[in-house]
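Scope of the values below: all heavy atoms of this structure, side chains included, with no hydrogens, waters or symmetry mates.
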Amino acid sequence: MRRQEACVHFALVTAFAAVWGWHLTPQANSQEVAKKFGWFFNYLTFFSFSVQLIQFFVCLLADLKPKRQLVSISNDLSCSVFGMAVFVTMSYYYLLFKGEIEDSDKAPAWISPVLHTGNVVAAIADLWVSKPYRTFHMRALALSQSLVIGYLGWCVAAKHVNGSFPYDFMNDMEQPYGMVKTAAALMAFVAAIFMLARVSLVPKHSKAHSA
């Protein structure tokens with residue numbers, strides 16, 4: 001049992017589950033997005049936040065019972081979602097700085113900071129406490145790209161049912177070229193963050209660098 005890691009991951013699971021649970025409340029479901037097909041998963045913020053919640057739960061299981069396969073899955077999940085979490089935070093504060101974001105008055109004041117800042121703080125905390133187990137193997141990069149494609153596929157389904165994409169810039173782009181450009185840009189950003197973390201955190205003599 002890895003006690004230090006287990007304590008950190010238990011705290012993260014508890015915090016993330018509380019935020020996720022708020023989205024089930026009547027207050028949250030009074031928001032327009034909650035009434036549409038796709039629910040809050042239409043937003044990349046909530047999509048990646050949900051993946052992180054699953055990741056931290058798997059990590060906690062791996063801490064309590066460090067079996068080889070479970071540790072490997074937790075490693076790949078942690079490494080794959082890191083770039084997406086960084087993108088969510090960076091894009092949020094970029095748009096906030098430009099004055100293009102107004103936080104909903106239907107949500108408690110603590111929700112937005114956790115979703116848009118706590119997500120990347122949690123991801124960094126996971127890397128810090130579990131650094132010896134984070135390999136940033138290339139299969140995790142493939143998983144991260146699959147998550148991007150999966151999310152954008154969800155956006156296409158939402159567009160088909162709701163009549164519009166979750167984000168205005170998608171609606172303003174000529175399709176399907178706009179979606180191709182969006183996918184390429186997001187996949188490139190996530191891959192860049194992944195490779196930066198791989199080079200910075202994984203020792204050069206590690207087997208992961210030969211994968």
Do you see a donor-acceptor pair shorter than 3.5 Å between the side chains of [X] and [Y]?
{"X": "Y92", "Y": "T117", "result": "no"}
{"X": "N171", "Y": "S164", "result": "no"}
{"X": "S48", "Y": "N119", "result": "no"}
{"X": "S144", "Y": "R139", "result": "no"}
{"X": "S130", "Y": "E5", "result": "no"}
{"X": "D76", "Y": "H137", "result": "no"}

[atom1] of [X] to [atom2] of [Y]: how many Å apart, nearest 0.5 Å?
{"X": "C155", "Y": "L44", "atom1": "SG", "atom2": "CG", "answer": "8.0 Å"}
{"X": "F136", "Y": "L196", "atom1": "CZ", "atom2": "CG", "answer": "9.5 Å"}
{"X": "L115", "Y": "Q52", "atom1": "CG", "atom2": "CD", "answer": "10.0 Å"}
{"X": "L12", "Y": "H9", "atom1": "CG", "atom2": "NE2", "answer": "6.5 Å"}
{"X": "K159", "Y": "L152", "atom1": "NZ", "atom2": "CG", "answer": "14.5 Å"}
{"X": "F87", "Y": "T45", "atom1": "CZ", "atom2": "OG1", "answer": "9.5 Å"}

* To do: State plainly whether the residues R3 and D63 are in salt-bridge range, i.e. N to O under 4.0 Å.
  => no
Show the nearest heavy-atom pair for residues [X] and [Y], with the distance to one decimal.
{"X": "N42", "Y": "A158", "result": "OD1-CB, 3.6 Å"}
{"X": "A140", "Y": "C79", "result": "CB-CB, 3.8 Å"}
{"X": "A17", "Y": "L53", "result": "N-CD1, 3.8 Å"}
{"X": "L201", "Y": "K131", "result": "O-CE, 3.6 Å"}
{"X": "N29", "Y": "H23", "result": "ND2-O, 3.1 Å"}
{"X": "P166", "Y": "Y43", "result": "O-CE2, 3.8 Å"}

Looking at [X] and [Y], would you say the former's side chain and the latter's main chain have a donor-acceptor pair under 3.5 Å?
{"X": "S200", "Y": "A197", "answer": "no"}
{"X": "R134", "Y": "L127", "answer": "no"}
{"X": "H160", "Y": "V156", "answer": "no"}
{"X": "T89", "Y": "V86", "answer": "no"}
{"X": "S78", "Y": "S74", "answer": "yes"}
{"X": "N75", "Y": "V71", "answer": "no"}

* Please tell me if the side chains of M84 and V51 come closer than 4.5 Å, counting only heavy atoms from C-beta onward. => no
* Asked: Under 4.5 Å between any side-chain heavy atoms of L77 and L143, yes or no?
  -> yes
Around atom [atom1] of [X], are there more than 12 heavy atoms from other residues, nucleotides or ligands closer than 6.0 Å?
{"X": "K35", "atom1": "NZ", "answer": "yes"}
{"X": "W110", "atom1": "CH2", "answer": "yes"}
{"X": "Y177", "atom1": "OH", "answer": "no"}
{"X": "Y167", "atom1": "OH", "answer": "yes"}
{"X": "F189", "atom1": "CZ", "answer": "yes"}
{"X": "M90", "atom1": "CE", "answer": "no"}

Aromatic centroids of [Y] and [X] separated by under 6.0 Å:
{"X": "F40", "Y": "W20", "result": "no"}
{"X": "H116", "Y": "Y93", "result": "no"}
{"X": "F194", "Y": "F82", "result": "no"}
{"X": "F41", "Y": "F47", "result": "no"}

* Please test M138 against R198 for side chain to side chain contact (heavy atoms under 4.5 Å, CB included), starting from the C-alpha separation and ending with a verdict. => CA-CA 9 Å; M138 295 308 290; R198 177 181 165 98; 3.7 Å; yes
* Residue pair F49, V19: steps toward the side chain to side chain contact (heavy atoms under 4.5 Å, CB included) verdict -> CA-CA 9 Å; F49 189 86; V19 175; 3.7 Å; yes
* Let me see the working for L60 and F10 under side chain to side chain contact (heavy atoms under 4.5 Å, CB included), right down to the final yes or no. => CA-CA 6 Å; L60 178 59; F10 177 78; 4.2 Å; yes
* Structure fact -> Contacts satisfying salt bridge (Lys or Arg N to Asp or Glu O under 4.0 Å) that involve residues 160-182 (not counting sequence neighbours) are none
